[in-house]
Amino acid sequence: HLTFQNKEILIVPTKDQNLTDLEKAITLCDQLSTNDILLIHVVGGRMDHTLGSIRVLRKFYQPKRILRIQTESQTLEMIKADPADKTDKRVQLKGKKRDYCGLMAFPDASISTRGLTYDVTHFHLEFGLSESICNSFQQTDATVTIHSGEALLIYPNS
């Protein structure tokens, strides 16, 4: 333990060099049975670190645990349909009219949206070929439904 600005900080040494420090931190949170992990200050600067941070959203995705990256203005979250129960995953979003949001294939998905400027129905996202970039809120509430596959959801901080 270390004390910094009157706060106790837990230091957990981990020698495994096959994982990044961020991956080690997420693994520790999972060992502690954390329900919600919010990652801040993990994008920007070096592109390899930024892309690595975004990829952990997929690598460490768990349907019963929330894992998000928050930047100054937006939140990134992996959404994934559950093929086992064949149920669509629905995400409710809040924002201001004209706030930007996007959906990117991670690596592919079928999605529907409601409440966005460019709503889609069973739209096929495919990595590098078809994305929903630079969409925006048409109203203050929006719904994203993923029917199959996996996608990266980018939405405004609330």
Side-chain angles (χ1 to χ4, degrees), residues 1-81 89 91-109 111 113 115-118 120 123 125-144 146 149-158:
H1 288 240
L2 173 74
T3 303
F4 178 73
Q5 295 182 348
N6 295 326
K7 304 222 188 264
E8 192 171 304
I9 300 169
L10 175 65
I11 297 176
V12 181
T14 308
K15 302 272 186 227
D16 185 354
Q17 291 304 304
N18 293 316
L19 297 175
T20 66
D21 290 343
L22 179 58
E23 292 172 327
K24 292 173 190 177
I26 294 168
T27 300
L28 176 63
C29 289
D30 285 340
Q31 289 169 355
L32 298 172
S33 300
T34 304
N35 295 325
D36 190 346
I37 302 171
L38 179 62
L39 306 172
I40 55 174
H41 298 292
V42 298
V43 297
R46 287 181 40 191
M47 186 55 67
D48 59 335
H49 283 191
T50 295
L51 292 172
S53 295
I54 293 169
R55 102 179 151 66
V56 302
L57 294 175
R58 183 171 191 250
K59 182 176 181 179
F60 289 90
Y61 174 85
Q62 292 181 16
K64 296 184 192 278
R65 189 249 301 119
I66 299 169
L67 177 62
R68 295 169 290 164
I69 292 175
Q70 192 171 66
T71 69
E72 288 182 25
S73 60
Q74 293 183 307
T75 299
L76 291 78
E77 184 176 346
M78 175 83 181
I79 57 172
K80 187 175 184 177
K89 170 140 177 130
V91 179
Q92 298 292 129
L93 301 175
K94 296 254 184 226
K96 294 183 206 130
K97 193 172 181 178
R98 292 191 268 299
D99 274 350
Y100 289 111
C101 64
L103 281 149
M104 304 182 83
F106 220 47
D108 75 324
I111 63 160
T113 62
L116 300 178
T117 302
Y118 304 104
V120 295
F123 182 74
L125 296 175
E126 188 173 351
F127 185 80
L129 297 176
S130 59
E131 315 283 0
S132 177
I133 298 173
C134 205
N135 209 334
S136 60
F137 281 71
Q138 183 66 26
Q139 50 202 33
T140 57
D141 296 305
T143 303
V144 174
I146 184 161
E150 307 169 53
L152 179 66
L153 175 59
I154 303 168
Y155 55 92
N157 293 341
S158 42

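Considering only heavy atoms from C-beta on, Ile26 stays 4.5 Å or farther from Glu23 through its side chain.
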Hey, mind stepping through Asp30 and Gln62 against side chain to side chain contact (heavy atoms under 4.5 Å, CB included) and telling me if it holds?
CA-CA 10 Å; Asp30 285 340; Gln62 292 181 16; 3.2 Å; yes
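Counting heavy-atom neighbours within 6.0 Å of Lys59 NZ, excluding the residue itself, gives a total above 12. Residue Phe127 places its CZ atom among 12 or fewer non-hydrogen atoms of other residues, nucleotides or ligands, all under 6.0 Å distant. With a 6.0 Å radius and a threshold of 12 heavy atoms from other residues, nucleotides or ligands, Ile40 has its CD1 atom at or below the threshold.
Look at Asp141 and Lys94 and you find a salt bridge, because one of the NZ, NE, NH1 or NH2 atoms lies within 4.0 Å of a carboxylate O, short of that distance. Contact check on Glu150 versus Lys89 returns no salt bridge, with no Lys/Arg side-chain nitrogen under 4.0 Å from an Asp/Glu carboxylate oxygen.
Between Glu126 and Asp108, the closest heavy-atom pair is CA-CB, 4.2 Å. Of all the heavy atoms in Gln92 and Thr143, the pair that sits closest is OE1-OG1, 3.2 Å. Of all the heavy atoms in Val43 and Ser53, the pair that sits closest is CG1-CB, 4.5 Å. Across every non-hydrogen atom of Thr27 and Phe60, the tightest pair is OG1-CE2, 3.7 Å. When all heavy atoms of Leu19 and Lys24 are compared, the closest pair comes out as O-CE, 3.3 Å. Of all the heavy atoms in Ile146 and Gly149, the pair that sits closest is CD1-O, 3.3 Å.
Under the 3.5 Å distance criterion, the side-chain polar atoms of Asn135 are left unmatched by any main-chain donor or acceptor of Gly102. Between the Thr117 side chain and the Ser136 main chain, a donor and an acceptor come within less than 3.5 Å of each other.
If you check the side chains of Gln74 and Tyr100, you find no donor sitting under 3.5 Å from an acceptor.
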